[in-house]
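In what follows, a structure is listed as structure tokens, so that the remarks can point back to it.
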Amino acid sequence: MSERPLTPSPHSLIPVFQDLPQLRRWRRRAREQGKSVGVVPTMGALHDGHLNLVRQSLAKNPYTVLTLFVNPTQFAPHEDLASYPRTLPSDLDLLRTLLPRAYVTAYEERHRRAAQVLGVSESDPVRWEFSAPSPAKGKRRSPSPPPPGDGLESPLVVFAPSRETMYPLSTIPPEAFQDDPAAGDGVAGEAMLQDTSKQRGAFVEVKGWGDVLEGESRPDLAEDAAQFFEGVATVCTKLFNAVEPDHAYFGQKDIQQALLLKLMLKDLLSNTPAPENLHIIPTTRDTKDSLALSSRNAYLTPCERRYAPTLYRALSLARDRLSSGGATGEEACAAARELVESVAREARGEGVVMRFDHVDLFEKTTFRRVRGKVGEGEEVVIVGAVWVGKTRLIDNLLVGWEV
Ligand SMILES: Nc1ncnc2c1ncn2[C@@H]1O[C@H](COP(=O)(O)OP(=O)(O)OP(=O)(O)O)[C@@H](O)[C@H]1O
Ligand SMILES: CC(C)(CO)[C@@H](O)C(=O)[O-]
Ligand code: BAL
């Protein structure tokens with residue numbers, strides 16, 4: 001274990017579990033208390049959209065696990081895995097703002113008492129240990145108070161596993177497969193997990209639902225349209241197996257992902273969580289221009305940011321055409337495309353390269369593309385993507401139903 005002392009406050013307020021045994025021990029104790037556990041899977045770089053999912057879970061469950069893992073298998077080989085924002089300290093700062101005051105006060109009091117026992121100043125860095133046994137007296141090499149407990153004091157914990165924890169078979173070195181032509185050039189680690197032709201081990205595919213719409217139109221997936229949602233379904237299955245949640249919270253912003261995972265839980269007869277306990281939370285938007293909050297918005301330059309809400313405007317136009325103008329699905333999508341393309345021409349004058357990717361209308365359960373007029377009582381999704389500079393933005397609106 002590293003001897004670098006961790007600053008006690010604010011980060012240790014929220015237990016961060018990095019390995020499975022720690023998480024499993026915590027989960028067993030939560031079960032013994034008979035209390036429900038909610039999970040919020042994320043890739044980090046948290047924003048208010050994520051926090052709203054956590055707020056929902058905290059309101060409904062005594063315990064919430066926010067998982068934080070940038071999942072290589074859902075990134076295509078040339079996608080932005082390496083540059084994806086990784087911001088654990090500021091993520092923990094944001095999560096801290098969601099903790100109940102009473103818990104924070106009790107924590108600070110415990111910290112004060114521990115500092116007294118250790119004879120160190122309250123502002124000294126002190127490492128809280130949530131699962132390791134207390135070191136024997138006299139053997140301490142860095143100030144470490146008695147463990148504050150088993151992590152169950154906090155209503156919120158973070159599970160931030162390593163790649164090896166999430167993909168244990170990826171630790172077998174490529175040389176072990178050297179007689180296997182698929183081992184190819186011996187690419188190891190994350191790169192191997194990103195390349196579907198080199199993957200080995202257990203993967204979850206939701207056939208017929210994962211290789212359409214967003215599956216087809218994400219970048220670099222020409223070879224394998226199923227890759228993105230296979231990566232998502234696989235990592236979420238693993239996270240559900242690790243956390244064994246009673247409830248799970250996903251955002252409407254990634255609507256196909258949330259709907260597909262619900263179908264997957266149903267098809268796999270899951271009870272942790274049961275499909276009806278996967279909750280889809282409405283998209284959190286910028287209050288001024290309705291841009292859907294997204295970790296990838298951080299890539300936008302200030303000038304690009306001004307054009308980013310065009311997708312929301314285009315989807316709103318499509319929805320208006322469907323509801324008031326009686327347009328067909330094809331006409332509504334074409335109107336959205338025209339709007340994006342006309343704004344793109346304007347943007348070029350300011351040096352912003354904006355590119356239409358797709359706008360589609362699909363039925364919520366079958367993911368079938370809707371042609372012609374939307375029928376009475378039909379529940380559909382208008383989904384779209386645009387490129388603004390090097391950033392691909394996605395968004396959606398619902399017609400005939402709400403999450
Ligand atoms: N604006 C938002 N409103 C509601 N939920 C959101 C929003 N943005 C993300 N989420 C949800 O948070 C969860 C974790 O998403 P993720 O970590 O990929 O964040 P993201 O902002 O969507 O990142 P990216 O920009 O890479 O797509 C997902 O369930 C996602 O749908
Ligand atoms: C659900 C998820 C955390 C799986 O990696 C990811 O796809 C995301 O952040 O939406
Ligand atoms: N927000 C879903 C994960 C992704 O777009 O990579």
Side-chain angles (χ1 to χ4, degrees), residues 38-57 64-76 79-81 83-88 91 94-95 158-161 163 166-167 193-194 204 206 210 213-215 217-221 227-240 242-243 245 247-262 264-265 278-287 289-300 308-309 311-312 357 383 385 388 390-398 403:
V39 71
V40 180
T42 79
M43 299 206 298
L46 302 185
H47 50 67
D48 213 39
H50 299 114
L51 297 193
N52 279 338
L53 306 189
V54 178
R55 285 187 185 102
Q56 284 288 332
S57 179
T64 293
V65 183
L66 177 124
T67 72
L68 201 160
F69 179 65
V70 183
N71 173 36
T73 63
Q74 69 189 74
F75 286 78
E79 238 186 318
D80 56 345
L81 174 63
S83 60
Y84 196 86
R86 286 161 171 87
T87 57
L88 180 64
D91 288 349
L94 279 177
L95 291 175
V158 167
F159 179 48
R163 170 170 62 77
M166 291 306 288
Y167 292 96
L193 285 169
Q194 279 181 271
V204 180
V206 187
L213 299 158
E214 178 69 359
S217 62
R218 278 181 76 96
D220 302 316
L221 294 189
Q227 173 177 355
F228 172 68
F229 284 114
E230 187 178 292
V232 169
T234 300
V235 80
C236 287
T237 301
K238 287 167 183 255
L239 291 170
F240 294 153
V243 177
H247 295 267
Y249 297 83
F250 288 86
Q252 183 196 327
K253 199 212 73 189
D254 300 279
I255 187 70
Q256 187 178 352
Q257 165 174 284
L259 292 172
L260 175 138
L261 291 172
K262 222 179 211 310
M264 177 191 86
L265 293 176
L278 186 154
H279 308 281
I280 308 179
I281 308 304
T283 304
T284 306
R285 299 183 177 281
D286 183 290
T287 47
D289 60 16
S290 296
L291 174 68
L293 302 192
S294 169
S295 307
R296 287 189 171 97
N297 292 353
Y299 299 155
L300 299 167
L311 176 59
Y312 174 75
D357 184 299
V383 74
V388 183
K390 292 195 168 68
T391 309
R392 184 172 177 277
L393 301 174
I394 63 169
D395 201 349
N396 66 84
L397 293 173
L398 311 180
V403 289

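Counting starts at 1 for both ligands and their atoms, following the listed order.
- When only interatomic distances are considered, the shortest N/O to N/O separation between Gln252 and ligand 1 does not fall below 3.5 Å.
- A donor-acceptor pair is defined here as one N or O able to donate and one able to accept, closer than 3.5 Å; no such pair exists between the side chain of Gln74 and the backbone of Phe228.
- Side chains of Asn71 and Tyr84: a donor-acceptor N/O pair is absent below 3.5 angstrom, by distance only.
- Nearest-residue assignment for atom 8 (N) of ligand 1 (options His47, Met43, His50; heavy-atom criterion): His47.
- A perpendicular orientation is assigned to the rings of Phe250 and Phe240, their planes being inclined by more than 60° (bins at 30° and 60°).
- Numbered from 1 in the order shown, with element, the atoms of ligand 1 that lie under 4.0 Å from a heavy atom of Pro282 read 4 (C).
- Per-residue contacts place Ser295 under 4.0 angstrom from the following atoms of ligand 1 (heavy atoms of the residue considered): 19 (O), 20 (P), 21 (O), 23 (O), 25 (O).
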Distances for all N or O pairs of ligand 2 and the protein under 3.5 Å?
from	atom 1	to	atom 2	distance (Å)
ligand 2	5 (O)	Gln74	OE1	2.7
ligand 2	7 (O)	Gln74	NE2	3.0
ligand 2	7 (O)	Gln257	OE1	2.7
ligand 2	10 (O)	Gln257	OE1	3.4
ligand 2	10 (O)	Gln257	NE2	2.8

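- Electrostatic pairing of Glu79 and Arg392 does not count as a salt bridge here, judged by no charged N lying under 4.0 Å from a carboxylate O.
- Here CD of Gln252 is found 8.0 Å from CG of Asp395. Values are rounded to the nearest 0.5 Å.
- Of the heavy atoms in Ala258, none comes closer than 4.0 Å to ligand 1.
- Listed by chain and number, residues touching ligand 3 at under 4.0 Å (heavy atoms only) are Met43, Gln74, Arg218, Phe228, Asp254, Gln257, Arg296.
- A distance of 4.5 Å separates CG in Leu259 from CD1 in Ile280, rounded to the nearest 0.5 Å.
- Under a 4.0 Å criterion applied to the non-hydrogen atoms of Ser294, ligand 1 contributes the atoms 21 (O), 24 (P), 25 (O), 27 (O).
- The line from CG of Leu51 to CG of Leu53 is 8.5 Å long, rounded to the nearest 0.5 Å.
- No side-chain heavy atom of Met43 sits less than 4.5 Å from a side-chain heavy atom of Ser295.
- Neither the backbone nor the side chain of Asp48 comes within 4.0 Å of ligand 1, counting heavy atoms alone.
- In this structure, Val70 and Phe75 have side chains that are in contact, with non-hydrogen atoms separated by less than 4.5 Å.
- For Pro41, the heavy-atom gap to ligand 1 drops under 4.0 angstrom.
- Between the side chains of Tyr249 and Thr64, no donor N or O sits under 3.5 Å from an acceptor N or O.
- Under a 4.0 Å heavy-atom criterion, Leu53 is in contact with ligand 1.
- For ligand 1, the atoms lying closer than 4.0 Å to a non-hydrogen atom of Asp254 are 22 (O), 30 (C), 31 (O).
- Given atom 20 (P) of ligand 1, the protein heavy atom at minimum distance is Lys253 NZ, 3.4 Å.
- For the pair Ala292 and ligand 1, the shortest N or O to N or O distance does not fall below 3.5 Å.
- Under the 4.0 Å criterion applied to side-chain N and carboxylate O atoms, Arg55 and Asp48 are assigned as salt-bridge partners.
- Taking only nitrogen or oxygen atoms, main chain and side chain alike, Thr283 does not reach within less than 3.5 Å of ligand 1.
- Distances below 4.0 Å separate heavy atoms of Phe250 from the following atoms of ligand 1: 29 (O).
- Of the options Leu293, Asn297, Val40, Ile394, the smallest heavy-atom separation from atom 1 (N) of ligand 1 is shown by Leu293.
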